[in-house]
Structure formats: structure tokens, C-alpha cells
Q: 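Structure below; questions to follow.
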Amino acid sequence: MSVPCFLSSVARSFCPPAGLLCCRILGPSSFTRRRNMSSRRQMDHLQRTANNSRQNVLYPAKVCGIINESEMVKRLRIAVHPDFTFKAGQWVDFFIPGVEKVGGFSMCSSPGLLQREGIVELAVKYTKHPPALWVHTTCTVGARVAMRVGGDFFFDLSPSDPSVDLLLVAGGVGINPLYSILLHTTDLLRLNCASGGRDYNIGSVHLCYSAKNTQELLFKSSIIEACRDFPDKFSCDFHVTQQCTDVDPHLQPFLKCGRITEDELHAHVDLQRTLCFLCGPPPMIEAISKTLMDFGLPKDRILFEKWW
């Protein structure tokens with residue numbers, strides 16, 4: 001996918017306040033829920049996602065907060081244009097003035113936060129790729145950027161949809177879109193409580209999240225809080241592959257040493273009700289997808305996002 005010259009120019013020189021300008025882009029606008037991608041590392045974000053759905057509008061935005069989520073991950077809070085919308089699980093094309101490369105970062109916040117505060121959040125791991133490097137070395141509060149929403153990997157439940165159980169499987173920073181989906185489900189459950197009814201048919205939600213050590217488990221406190229707020233709905237297992245000692249007691253009840261196992265996956269699969277979202281390194285996603293299909297879970301109920 002090539003970027004029109006005028007778009008590159010807008011990205012380099014962009015400076016108007018959020019809310020005053022948006023640029024309409026040619027491109028696909030329909031959304032589906034399935035994503036298949038090549039795993040060639042040399043391709044940049046726009047090339048890798050050329051066949052994915054995208055909105056047609058590039059929106060101005062402003063960084064309004066920077067949080068050190070871990071030693072290697074910064075979370076940006078970004079104020080966006082009033083017309084900006086996304087579905088839980090989607091990503092943005094991230095345009096930075098003066099940076100030629102376009103970033104691709106998943107939202108790690110819920111659509112509900114956008115509705116309440118006009119804010120989206122991105123958690124960006126340090127790499128030498130220019131957009132990520134800019135986030136970690138140059139970005140400051142008040143920085144102007146531009147964003148365009150894309151992606152076919154999302155959870156968008158309607159009140160009329162049948163009840164569904166969610167199995168969320170994350171590896172490393174693959175937690176970002178799944179955390180957005182988890183937060184979205186908590187928002188829907190709170191809407192159900194506020195209305196005194198069951199507007200949204202949400203069954204169980206189980207998260208399997210694997211990282212090298214507990215320091216690399218992002219959003220762990222909020223995830224545990226969701227499990228404790230909705231014990232009849234949410235559960236999670238944190239898997240660490242290179243640490244089994246010096247674990248925070250707060251994490252201990254949710255922690256397992258070693259990789260995600262077939263037995264754990266099988267315990268949370270209902271062939272009629274389960275919808276599985278996977279995000280992480282391609283080898284992990286391919287292995288777990290095969291395991292789930294071996295269980296008999298239909299291929300169209302296994303949705304994945306591969307990040308490199």
C-alpha cells in the first residue's frame with residue numbers, strides 16, 4: 001500500500017489542534033473480523049497491512065499523557081478528534097511529523113474511555129523502528145500526531161447477539177488489543193448492571209497471558225481488578241517462562257510457571273459458545289490455532305492478530 005504524497009506531507013508538517021482538521025483518504029472502509037497476514041519481517045507496517053480494512057480519514061491528535069508501563073513499554077494517552085471511532089482490538093496507522101516511517105500500534109484502551117474522555121491509549125514497546133524510537137526518546141506531552149484506524153481483528157458485540165464466551169490468548173505486547181477487548185467487556189457488564197438487565201449477552205471471559213517475567217506482564221493490576229470485580233465472569237492465568245521465584249504475593253494466585261498448556265486451553269473451550277482472540281508472535285499464534293482446531297473449535301471462531 002503506497003501512501004499518497006499529500007498524506008506524507010500532512011504527516012510531516014501536521015500541527016493544527018485536535019478537533020480542527022481531518023484529512024480524507026482513499027481506501028477500503030468495510031470491516032470484517034478476520035485477518036490473515038504474511039510474516040515477512042522486512043515489510044513495514046503499511047505493507048504488511050495493505051489488505052486490511054482501514055477507515056478513510058486521517059485524524060489529528062495530541063499526546064496528553066505519557067506513562068512508563070514497564071522498563072520497555074510507554075503508554076501514551078492521546079486526545080483525539082471528536083469524530084474518531086474504533087472497535088475494541090483495532091490498531092492505528094500512526095503518523096509523526098518529521099518521521100518518514102508510519103507506525104502501527106494497537107489501542108490498549110476501550111471505546112468506552114473514548115466516549116467518556118475523548119482519549120485513546122497506545123502501549124508502545126521500545127525498538128529501533130523509527131516510530132517506536134520516537135515514542136521512547138522524543139515524544140513529549142503536547143506533541144502533535146495524526147492517526148487512522150484500521151484492522152479486521154475486533155470484538156463488537158450488539159445487544160441482539162447470542163451469548164458468547166471469550167478466550168483471550170496473549171504473548172508479550174500482544175496483550176494490547178486483548179486488553180482493549182477485556183476493558184470493553186467490563187464496560188458492557190457495567191452497562192448491564194446500570195440498566196438492571198442483560199443488555200449484552202456476555203458469558204465467561206478467560207485470559208491466558210504469557211511473558212518472560214512478571215515485569216513484562218502489562219496491565220496486570222487492572223486485569224486482576226477486573227477478575228475480582230466480576231468473579232463470576234472473568235478469570236486469568238499469567239504465564240511466565242523465565243521466572244518462578246520472587247513473585248509479588250498479589251500476583252501469586254494468578255501465576256503459572258511455563259508456557260500456556262493444552263489442558264488449560266481445553267478447560268476454557270466450549271465448541272458452541274467460545275470465541276477465541278489470539279495476539280502474539282506468529283509461531284505462538286500458529287501453534288495455539290492448530291491446538292484449538294484439533295479440539296474441534298471451528299476456524300471461524302479463532303481470530304488472530306500477529307505482531308512482529
Side-chain angles (χ1 to χ4, degrees), residues 1-12 14 23 25-29 31-61 63 72-76 78 80 84 86-109 120-139 143-154 170-180 278-285 303-308:
M1 177 178 181
S2 61
V3 183
C5 294
F6 79 89
L7 175 56
S8 297
S9 176
V10 166
R12 285 195 295 271
F14 175 76
C23 301
I25 311 300
L26 295 177
S29 60
F31 285 86
T32 60
R33 298 187 181 183
R34 186 71 186 173
R35 179 179 182 193
N36 293 292
M37 294 170 56
S38 164
S39 61
R40 288 178 291 171
R41 289 179 178 269
Q42 69 271 25
M43 298 175 69
D44 69 16
H45 166 69
L46 291 180
Q47 290 175 308
R48 287 198 307 264
T49 60
N51 294 325
N52 289 120
S53 301
R54 277 177 165 81
Q55 292 181 2
N56 291 335
V57 181
L58 177 67
Y59 287 106
V63 176
M72 295 293 289
V73 176
K74 287 187 181 291
R75 176 156 53 102
L76 301 185
I78 301 175
V80 295
F84 185 97
F86 75 98
K87 296 179 174 67
Q90 289 187 298
W91 40 258
V92 291
D93 298 331
F94 193 76
F95 294 84
I96 303 163
V99 177
E100 182 179 356
K101 291 285 186 182
V102 177
F105 305 127
S106 292
M107 261 79 66
C108 64
S109 55
V120 299
E121 296 185 339
L122 308 175
V124 181
K125 185 175 182 178
Y126 175 84
T127 71
K128 292 184 178 180
H129 188 252
L133 190 63
W134 178 86
V135 168
H136 280 262
T137 63
T138 305
C139 180
R144 306 284 183 175
V145 296
M147 302 192 301
R148 175 178 57 197
V149 173
D152 303 315
F153 176 88
F154 55 80
V173 290
I175 188 61
N176 286 348
L178 303 186
Y179 185 58
S180 176
L278 314 175
C279 188
M284 171 187 172
I285 298 311
L303 313 176
F304 59 85
E305 187 87 277
K306 296 179 182 178
W307 285 107
W308 283 259

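From a predicted model like this one, the values you see are computed outputs, not experimental measurements.
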Q: Search all heavy atoms of Gly171 against all heavy atoms of Pro281 and return the closest pair with its distance.
A: O-CD, 4.0 Å

Q: To the closest 0.5 Å, what do you measure between CZ (Phe95) and CZ (Arg148)?
A: 4.5 Å

Q: Might you point out which heavy atoms bring Cys279 and Gly174 nearest each other, and give the distance in Å?
A: CB-O, 3.3 Å

Q: Would you give me the side-chain donor-acceptor pairs under 3.5 Å for residues 126-138, sequence neighbours excluded?
A:
unit_1	atom_1	unit_2	atom_2	d
Thr127	OG1	His129	N	3.1
His136	NE2	Val124	O	2.8
His136	NE2	Tyr126	N	3.2
Thr137	OG1	Leu133	O	2.6

Q: Heavy-atom distance under 4.5 Å between the side chains of Val145 and Phe94, does that happen here?
A: yes

Q: For Asp152 and Asn51, which heavy atoms make the closest approach, and how far apart are they?
A: OD2-O, 4.5 Å

Q: Would you name the heavy atoms of Ser53 and Trp91 that are closest together and state the gap between them?
A: O-CH2, 4.5 Å

Q: The criterion is salt bridge (charged side-chain N to carboxylate O under 4.0 Å, His left out); which residues satisfy it with Lys101, sequence neighbours excluded?
A: Asp44

Q: Would you give the length of the straight line joining atom CG of Leu303 to atom CD1 of Ile285, rounded to the nearest 0.5 angstrom?
A: 11.5 Å

Q: Identify the two heavy atoms, one from Cys139 and one from Ala143, that lie closest to each other, and give their separation to 0.1 Å.
A: SG-CB, 4.4 Å

Q: Rounded at 0.5 Å granularity, tell me how far SG in Cys108 sits from CG in Leu122.
A: 6.5 Å

Q: Please identify each residue that fulfils side chain to side chain contact (heavy atoms under 4.5 Å, CB included) with Ala170, with sequence neighbours left out.
A: Ile175, Leu178, Tyr209

Q: When you compare the side chain of Val80 with that of Phe86, does any pair of heavy atoms fall below 4.5 Å?
A: no

Q: What closest approach, in Å, do Gln55 and Tyr59 show between heavy atoms, and which atom pair accounts for it?
A: OE1-CE1, 4.1 Å

Q: Has the side chain of Ser180 got a donor or acceptor atom that lies under 3.5 Å from a matching backbone atom of Ser109?
A: yes

